[in-house]
Amino acid sequence: MNMTYKGYTATVEFDSEADLLHGQVINTADVITFQCRSVDDLEKEFHTSVDDYLAFCEQEGDEPEKPFSGQFVVRTTPDIHREIFIHAKKSGVSINQWLNDQLAVLTHT
């Protein structure tokens, strides 16, 4: 199960030994976790953890780590760049859109 709040995405798992739901924000390198016993409390605990993280960063004068922006730089060879351009052109889309389409297939999204 995935949850999103203020751009932060968390996954939730059930720990049967502790009888707890345990969540962790997955789109930052900083560790943001939460836990609760009932599904009804999941959203509240997730929001509280993110808000506490943001408040802590502000209190410490640190910039909170931003969730992933959706942008990244890829360096490749001129030959591969040309092939990507050709595939995008044949598909009638931009290079960015063609790459997004290919990545979506690879990641099943």
Side-chain angles (χ1 to χ4, degrees):
M1 167 186 218
N2 289 334
M3 306 169 69
T4 301
Y5 176 65
K6 294 185 176 180
Y8 294 91
T9 300
T11 60
V12 178
E13 296 179 357
F14 179 65
D15 180 345
S16 59
E17 290 181 21
D19 195 30
L20 284 173
L21 293 162
H22 175 76
Q24 180 172 355
V25 172
I26 59 171
N27 61 337
T28 68
D30 285 344
V31 177
I32 306 170
T33 63
F34 56 98
Q35 61 185 22
C36 59
R37 293 212 181 268
S38 75
V39 173
D40 293 338
D41 293 333
L42 270 175
E43 187 173 25
K44 176 182 162 276
E45 293 301 322
F46 172 42
H47 291 193
T48 298
S49 289
V50 169
D51 290 339
D52 286 351
Y53 166 72
L54 295 173
F56 175 77
C57 289
E58 184 176 343
Q59 175 185 333
E60 295 295 310
D62 293 334
E63 192 68 29
E65 186 171 328
K66 303 282 186 214
F68 296 117
S69 68
Q71 298 179 16
F72 61 95
V73 176
V74 176
R75 301 208 189 289
T76 188
T77 67
D79 290 340
I80 291 173
H81 190 173
R82 182 179 59 253
E83 289 299 315
I84 291 170
F85 173 81
I86 290 168
H87 285 291
K89 196 73 160 168
K90 284 181 181 179
S91 298
V93 297
S94 67
I95 288 176
N96 281 339
Q97 184 60 56
W98 187 84
L99 286 171
N100 256 333
D101 295 344
Q102 301 309 305
L103 291 172
V105 169
L106 290 173
T107 59
H108 310 289
T109 58

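Everything numeric here is computed off the predicted structure, so don't read it as measured data. Heavy-atom basis, side chains included; hydrogens, waters and symmetry copies ignored.
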Under the criterion side chain to side chain contact (heavy atoms under 4.5 Å, CB included), I'd like the reasoning laid out for R37 against L20: C-alpha separation, chi angles, the key distance, then a yes or no. CA-CA 5 Å; R37 293 212 181 268; L20 284 173; 3.7 Å; yes
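- Between the CD1 atom in I86 and the OG atom in S91 there is a gap of 11.5 Å [rounded to 0.5 Å].
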Taking it one step at a time, do I26 and Y8 satisfy side chain to side chain contact (heavy atoms under 4.5 Å, CB included)? CA-CA 8 Å; I26 59 171; Y8 294 91; over 6 Å; no
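- Once rounded to the nearest 0.5 Å, the distance linking NE2 of H47 with CE of M3 reads 6.0 Å.
- Atom CG of D101 is separated from atom CG of N96 by 10.5 Å, given to the nearest 0.5 angstrom.
- T28 places a side-chain N or O within 3.5 Å of a backbone atom of D30 that can act as its donor or acceptor partner.
- Applying the salt bridge (Lys or Arg N to Asp or Glu O under 4.0 Å) test to every pair with at least one member in residues 48-62, sequence neighbours left out, gives these pairs: K6-D51.
- For K66, the salt bridge (Lys or Arg N to Asp or Glu O under 4.0 Å) partners at least two apart in sequence or on another chain are E63.
- A 6.0 Å sphere centred on CZ of F14 holds more than 12 heavy atoms belonging to other residues, nucleotides or ligands.
- With Y5 contributing its side chain and E43 its backbone, the two residues share no donor-acceptor pair below 3.5 Å.
- More than 12 heavy atoms of other residues, nucleotides or ligands sit less than 6.0 Å from atom NE2 of H22.
- In this structure a side-chain-to-backbone donor-acceptor pair under 3.5 Å is present from N27 to T9.
- With sequence neighbours excluded, no residue satisfies salt bridge (Lys or Arg N to Asp or Glu O under 4.0 Å) with K44.
- Once rounded to the nearest 0.5 Å, the distance linking CD of Q102 with CD of Q97 reads 10.5 Å.
- Surrounding CD of E83 are more than 12 heavy atoms belonging to other residues, nucleotides or ligands, all under 6.0 Å away.
- Between L103 and F72, the shortest heavy-atom distance links the atoms CD1-CZ, 4.0 Å.
- Under the 4.5 Å side-chain heavy-atom criterion for ILVMFWY residues, no single connected hydrophobic cluster contains both L54 and F56.
- Here the closest non-hydrogen pair linking F34 and Q24 is CE2-N, 4.0 Å.
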For the pair S49 and T33, evaluate side chain to side chain contact (heavy atoms under 4.5 Å, CB included) and give the outcome as yes or no after the intermediate values. CA-CA 7 Å; S49 289; T33 63; over 6 Å; no
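- Summarising the geometry of S94 relative to A88, their closest heavy-atom pair is O-CB, 3.8 Å, with the distance given to 0.1 Å.
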